[in-house]
Amino acid sequence: MLKLEHISKTFNAGTVNEKRALCDLSLHLRPGDYVTVIGSNGAGKSTMLNAVAGVWPVDAGRILLDGEDVTGKSEHRRAGNIGRVFQDPMMGTAADMWVEENLDLALLRGEKRGLRWAVTKSDRAFFREQLATLGLGLEDRMTTKVGMLSGGQRQALTLLMASMKKPKLLLLDEHTAALDPATAKKVLEITDRIVEENRLTTLMITHNMKDAIRHGNRLIMMNQGKIILDIEGEEKKNLTKQMLMEMFQKVAGSTIDTDEALLTRNS
Amino acid sequence: MSAASYFSSLSLLKLAKSVPGGVAQGLIWGLMALGVYITFRILDAADLTVDGSFTLGGAVAVMMILGGCPAWLAVLCAVLAGMLAGFVTGVLHVKLGIPIILAGILTQFSLYSINLRIMGMAANKALSVDKYELLLSSRAIPSAILTSFAIAFVLVSVFYWYFGTERGCAIRCTGNNPALARALGINIGLMKIIALSLSNGLVALSGALMSQFQGFADINMGRGAIVIGLAAVIIGEAVGRGLLGKRLNFYGRMSFAVLGGVMYYLVVVVVLWLRLNSNDLKLITAIIVALFLAAPYLREKRKVSFRRGGKEGAASC
C-alpha cells in the first residue's frame, strides 16, 4: 500500500545546523498493516510521516502510495488518500468552526469543493451516527464550536475526521502524547477500533513502548534516520519491553545509555 | 465663546437633520466593512489593499458614467476592478511569498498611480446627478438609504450562503487552521486569493456607490479606509455581542459589520454637530479602534495578572 524507496532528507544542508533527518530509508507496508513506530527523539519518526504526507519534498528516493508515485505531489494534492492526526489536539481541527462543519471539511478531503451547501440533512444524520460510535456524547453537540471541546474530545474527533473517508493511509503522530493517561487509553481504544473496522493501513508513532507492543501487527524502531528494527506477526505478539531494549542495544550499540531514558518515558 | 453660549448654539433639529445622511454614508461604508470582515475575521489577515481599491471603485465608476455608461454597469466594472486588485495582492502574497501586509501596501501604493491614470491625471472628478442617472445621491437621501440598505441586505445574505458552502467552509478553515486545511487537501493559496478578491470587490463597490453619493471621485477618498472599515467591524461586533450575546450567529456578525459602519457614521455626525474640528476625526477614529482592539487583551490581562497574583483571597476550591 505504501512503499518508501531509499528516502533521504537533510535539513539546513550546508549550514552549521545541518541535520540528516532521513538516511536512505526504505519501508513497505502491505494493505491493512497497522505499524507502530518507536525511536528516540530526533530518530526521524515524525520526519518520515511528514515525508509521506508531503509537508516538504524529499531530497532523494521515491514514495509510492497504492502503486502511484506521489513523490512530486504537494501536500494538499496527496491529502485525498492520507488521513492524519497530530500530537497537538489544536492542530487537527478548526477551533472556530462547528463540530459538523469540521466533519464536513473532512468528508470532502481531497475532493473539489464547490458551491453546494456544505452540511446537508443526510450529512448530519451520517455525522450523528459516526459521532455516536465515539461514545463521548458529541452527537448531541454538533453545533458546538470545536474550540469548546476538551483535548481528548478533539483528538477523538480528529481521528474520526482522518478516517471517515477510509483513506489509503492513516498517519498518527503521537496523537495521544498530549492527553492524560486515562484519556490517552480511551483514544487508543477508539484508534484500534477504527483501524480494524476499516482495515486501514496505519503508521502510528508513539513514545510509549508498551503501547507500541500492545497495538498493531507490526513494530518498527528508528534511529538516526533509519529503520533499525522491523518486527511483526508472532514475534511481535511475544515481544516484551525488556526484549525490545536489548534489541535496541544490539542494533544501535552504545547509544542505549542515553536513549534508554527517552525510550522508556511514559511507560 | 462661553460654555453656555456654545451649548445653546447646538440645535437638536440640526442634528436630527444630519442623521439620515450619516445613515446613508454609514450603509455605504458598511459594505466596505463587510469586505474588511472577510479578510480580517474570516481569513485572519489584515489586508491594506482596501485604501486603494476603495478609490479604484470610485474612479472606475465615475469615469465610466461620465463616458456614458449606465450606472449599474459602471458599478459592476468597478467591482471587477476591485476584485482584480485583491487578486494582485493575493498573487503577491501567495505566489511570491511577500507577507500579506506588505503585499497589500504594495498594491495600494501602486493603485494611487493607476487611479490617477483612470481619472485622466485629475485628482478629482465631479459627477453631477443632474446630468447623469445615478444609483444614489446625497440629493435624495431617503432613496439612497433604501438603495444602500437593499444592496447590503442582499450581499450579507449572499455571503452568508457562500460561507456556508463547501468552498466557503474551505476558506474559513484556511483562515482558522491553515495546517489542517492543507492536510484536508485544501489549496490554501487559492482560497486566500479568492477571499482577497471577494473582499476587495466589496470595497470597490462601496467606493463606487460613495462616489455617486457624494457626486465626485477623489484620489484621496480611500485614505484611511482600512481604519474606518476596522472601526466598523469592531464597533459592530461589540454592539452585536452586547445585544445578542451567544445568539449572535454568522448572519448577525456580518449584519453587525455593516451596521458598525452606520454606527461609526453616526458618531461622525455627532462629532461634526458638536463642531469639533473635523480634521481631528482620523485621530478620534484611530483612538476608538485602538481601544476596541485592546479591550479583549486588557480584559484577559486583568483576569490573569501577576500584580494581583496571590491576592485573590481564600481559595475557591
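The structure presented is a predicted model; accordingly, all values stated were derived computationally and were not measured. First the proteins, then the strands, lettered A, B, ... as listed; each starts at 1.
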- Message: With a 6.0 Å cut-off (strictly less than), is the heavy-atom count around CZ of A:Phe11, excluding the residue itself, greater than 12?
- Response: yes
- Item | salt bridge (charged side-chain N to carboxylate O under 4.0 Å, His left out) partners of A:Glu196, counting only residues at least two apart | none
- Message: Would you say CZ of A:Arg199 has more than 12 non-hydrogen atoms from neighbouring residues, nucleotides or ligands within 6.0 angstrom?
- Response: no
- Check whether more than 12 heavy atoms from other residues, nucleotides or ligands sit under 6.0 Å from atom NZ of A:Lys73, and answer yes or no. yes
- Max heavy-atom pairs within cutoff under 4.5 Å with chain A, candidates B:Ala170, B:Cys173, B:Ala181, goes to B:Cys173
- Message: Quick check for you: among B:Ile186, B:Thr165, B:Asn187, which has the greatest number of heavy-atom pairs under 4.5 Å with chain A?
- Response: B:Thr165
- Interchain contact, A:Ala53 with chain B, by part (heavy-atom threshold 4.5 Å): neither
- Task: Please flag which part of A:Glu101 lies under 4.5 Å from any non-hydrogen atom of chain B: side chain, backbone, both or neither.
- Result: side chain
- Between B:Leu180 and A:Thr93, what is the shortest heavy-atom contact and its length? CD2-C, 3.5 Å
List the atom pairs, with distances to 0.1 Å, where a side-chain N or O of residues 94-107 of chain B and a protein N or O form a donor-acceptor pair under 3.5 Å, not counting sequence neighbours.
| residue | atom | partner | partner atom | Å |
| --- | --- | --- | --- | --- |
| B:Thr107 | OG1 | B:Thr89 | OG1 | 2.8 |
| B:Thr107 | OG1 | B:Ala103 | O | 3.0 |

- Short N-O contact, B:Glu166 and A:Lys112, less than 4.0 angstrom: no
- Message: Using every non-hydrogen atom in the two residues, find where A:Met97 and B:Asn176 come nearest and quote the distance to one decimal.
- Response: N-OD1, 3.9 Å
- Message: Quick check on B:Phe149: does its CZ atom have over 12 non-hydrogen neighbours (other residues, nucleotides or ligands) under 6.0 Å away?
- Response: no
- Item | Steps toward side chain to side chain contact (heavy atoms under 4.5 Å, CB included) verdict (A:Arg113, B:Leu184) | CA-CA 11 Å; A:Arg113 290 161 204 265; B:Leu184 290 177; 4.0 Å; yes
- Closest-packed option against chain B by number of heavy-atom pairs under 4.5 Å, given A:Gly80, A:Ala79, A:Gly110: A:Ala79
- Note on the structure: Taken to the nearest 0.5 Å, the spacing of B:Arg41 CZ from A:Asp96 CG works out to 10.0 Å
- Does any heavy atom of chain B fall under 4.5 Å from the side chain of A:Arg77, the backbone, both, or neither of them? neither
- Sort and list the pairs that fulfil side-chain hydrogen bond (donor to acceptor under 3.5 Å, both in side chains) and have at least one residue in residues 247-262 of chain B, not counting sequence neighbours. B:Ser157-B:Tyr251
- Which residues from residues 138-153 of chain A are near chain B, with near meaning under 4.5 Å between non-hydrogen atoms? A:Lys145
- Query: Which atom names give the shortest non-hydrogen contact between A:Trp117 and B:Trp161, and what distance separates them?
  - Reply: CZ3-O, 3.4 Å
- Task: Compare every heavy atom of A:Ala94 with every heavy atom of B:Asn177, then report the nearest pair and how far apart it is.
- Result: CB-CA, 4.3 Å
- Note on the structure: One should read off an interatomic distance between B:Arg182 CZ and A:His76 NE2, to the nearest 0.5 angstrom, of 10.0 Å
- Taking the side chain from A:Arg109 and the backbone from B:Ala183, do they hold a donor-acceptor pair closer than 3.5 Å? yes
- Measure B:Phe250 against the heavy atoms of chain A and call it side chain, backbone, both or neither at under 4.5 Å. neither
